[in-house]
Each structure stands twice: as C-alpha cells, then as structure tokens.
Amino acid sequence: MKIEDRCNAIEECYEFMLAYAAQGLPPDQGSGLGGQIREFLNRAIDAMNGLADSYAITFLDEGFEPADKYQAFLDVLDRDTRDSKAAIELVLVQPAISSQLVDNLNASIHLRALLTDLFLVDEVLKTQRQAADLVAVPFGC
C-alpha cells in the first residue's frame, strides 16, 4: 500500500469517527453506521500495518540526511502507530460501538499523536522534495 493511501485511510477513519461520535448514536448492534464504523476502523488498522517501514523506505530511497534524525522520528511514528492500533483494536473487540465510545477514541492522545506525526512527516516530505527540485534545476533557467 502506498504511503498516500495509508494516510488517506487513517485520516478518513478519523473524519468518519468525528461524524459518528457527533450523532450521539447508541451502540451499533446491527445498525448500518455501526458496520461502517467497523469498516473504517479496520481499514485504518490495515493502513497502520507497516506504516513506519513504508516511510523508512521512502527516506532511504530519497537519501534524506542526517539518517539518524529520520530514524529517531520513525521510532516515534512506530510507537504512536502501535499505541493507536491498540486503542482501535480495543474498540473493535467490543460487542457494540456507541458514539460515546468513538468520542473517547477520538480524544485519545495516541490517535491524535499519530495524526500529528502524519501531518509533520507529510510537510517534511514536501519540503525535502521541493529542495531537491531546486537543486536539480540549473542556475539561470
């Protein structure tokens, strides 16, 4: 799965969770939205699997330096991903998912940390790629 697809799945899940929580729905036992929330959560879990490794490959392929600084961030990303997965998986094993449960998941510092990591690394990639493009363009063109 491409990095962009992973990030989109995680962000879409979060957006759906916000809408789900705002509706004040009772537990999902048999409801259509209850099935949808489980689908979004499962897609997010799938996207999180190997997320830090995907970024590691990108950083290596694009030659980002200093490597130790990127590795330190990847360690943070991996930890935040594992923590977020644990919270989501806890919700998924519940027999019913209420809006209140999802609201509490939305408020989880773990999930917010992961989203912030993704926003940060997206900006880092843009900055690095723009800098590489500037270097690649000969002076005076």
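Quick caveat: nothing in here was measured; it's all calculated off a predicted structure.
- Cluster annotation: Ile45 is connected to Leu77 through the hydrophobic network of ILVMFWY side chains, with a link wherever side-chain heavy atoms come within less than 4.5 Å.
- When the side chains of ILVMFWY residues are joined at heavy-atom separations under 4.5 Å, either directly or via intervening members, Leu115 and Ile109 end up in two distinct hydrophobic clusters.
- Asp117 meets the salt bridge (Lys or Arg N to Asp or Glu O under 4.0 Å) test with no other residue; sequence neighbours excluded.
- Applying the side chain to side chain donor-acceptor pair (under 3.5 Å) test to Asp83 and every residue at least two apart in sequence or in another chain returns nothing.
- Side-chain atoms of His110 and Asp80, non-hydrogen and from C-beta on, never get closer than 4.5 Å to each other.
- Note on Leu114 and Leu92: same hydrophobic cluster, where clusters join Ile, Leu, Val, Met, Phe, Trp and Tyr whose side-chain heavy atoms are under 4.5 Å apart, directly or indirectly.
- How far CG of Leu118 is from CD1 of Ile3: 10.0 Å, rounded to the nearest 0.5 Å.
- Residues forming a side chain to side chain donor-acceptor pair (under 3.5 Å) with Glu62 (at least two apart in sequence, or on another chain): Arg129.
- Distance CG/Asn106 to CG/Leu18: 4.5 Å, rounded to 0.5 Å.
- Between the side chain of Ser108 and the main chain of Asn104, no donor-acceptor pair closer than 3.5 Å is present.
- Tracing side-chain contacts under 4.5 Å through hydrophobic residues (I, L, V, M, F, W, Y), one never reaches Met17 starting from Leu90; they form parts of separate clusters.
- A heavy-atom distance below 4.5 Å is found between the side chains of Leu41 and Ile37.
- To the nearest 0.5 Å, atoms CG (Asp5) and CG (Asp46) are separated by 12.5 Å.
- Not counting sequence neighbours, Phe73 has no partner by the ring pair (Phe, Tyr, Trp, His ring centres under 6.0 Å) test.
- Side chain of Asp78 to backbone of Leu74: no donor-acceptor contact under 3.5 angstrom is found.
- You'll find the side chain of Cys13 stays beyond 4.5 Å of the side chain of Arg43, heavy atoms only.
- Every residue two or more places apart in sequence or in another chain was checked for a ring pair (Phe, Tyr, Trp, His ring centres under 6.0 Å) with Tyr14, and none qualifies.
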- prompt: Stepwise, does the side-chain hydrogen bond (donor to acceptor under 3.5 Å, both in side chains) test hold for Tyr70 with Gln128?
  reply: CA-CA 12 Å; Tyr70 288 91; Gln128 285 288 337; 2.8 Å; yes
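- At distances below 3.5 Å, at least one donor-acceptor pair connects side-chain atoms of Ser99 with backbone N or O atoms of Tyr20.
- Looking at Met1 and Asn49, their side chains never come closer than 4.5 Å, going by heavy atoms from C-beta outward.
- Atom CG in Asn8 sits 9.5 Å away from atom NZ in Lys2 (nearest 0.5 Å).
- One finds the CD1 atom of Ile97 at 12.0 Å from the CD atom of Gln36 (value rounded to the nearest 0.5 Å).
- Residues Ile88 and Phe40 form no side-chain contact, since every pair of their non-hydrogen atoms from C-beta on lies 4.5 Å or further apart.
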- Which is it for Ile10 and Leu51 under the side-chain contact (heavy atoms from CB on, under 4.5 Å) test, yes or no, and what are the steps along the way? CA-CA 11 Å; Ile10 295 166; Leu51 181 64; 4.1 Å; yes
Side-chain polar contacts of residues 119-127 - donor-acceptor pairs under 3.5 angstrom, sequence neighbours left out - could you list them?
unit_1, atom_1, unit_2, atom_2, d
Asp122, OD2, Lys126, NZ, 3.3
Thr127, OG1, Glu123, O, 2.8

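- Grouping the Ile, Leu, Val, Met, Phe, Trp and Tyr side chains by contacts below 4.5 angstrom, directly or via other members, places Met48 apart from Ile57.
- With no hydrogens or angles considered, a side-chain donor-acceptor pair links Asp75 and Gln71 at under 3.5 Å.
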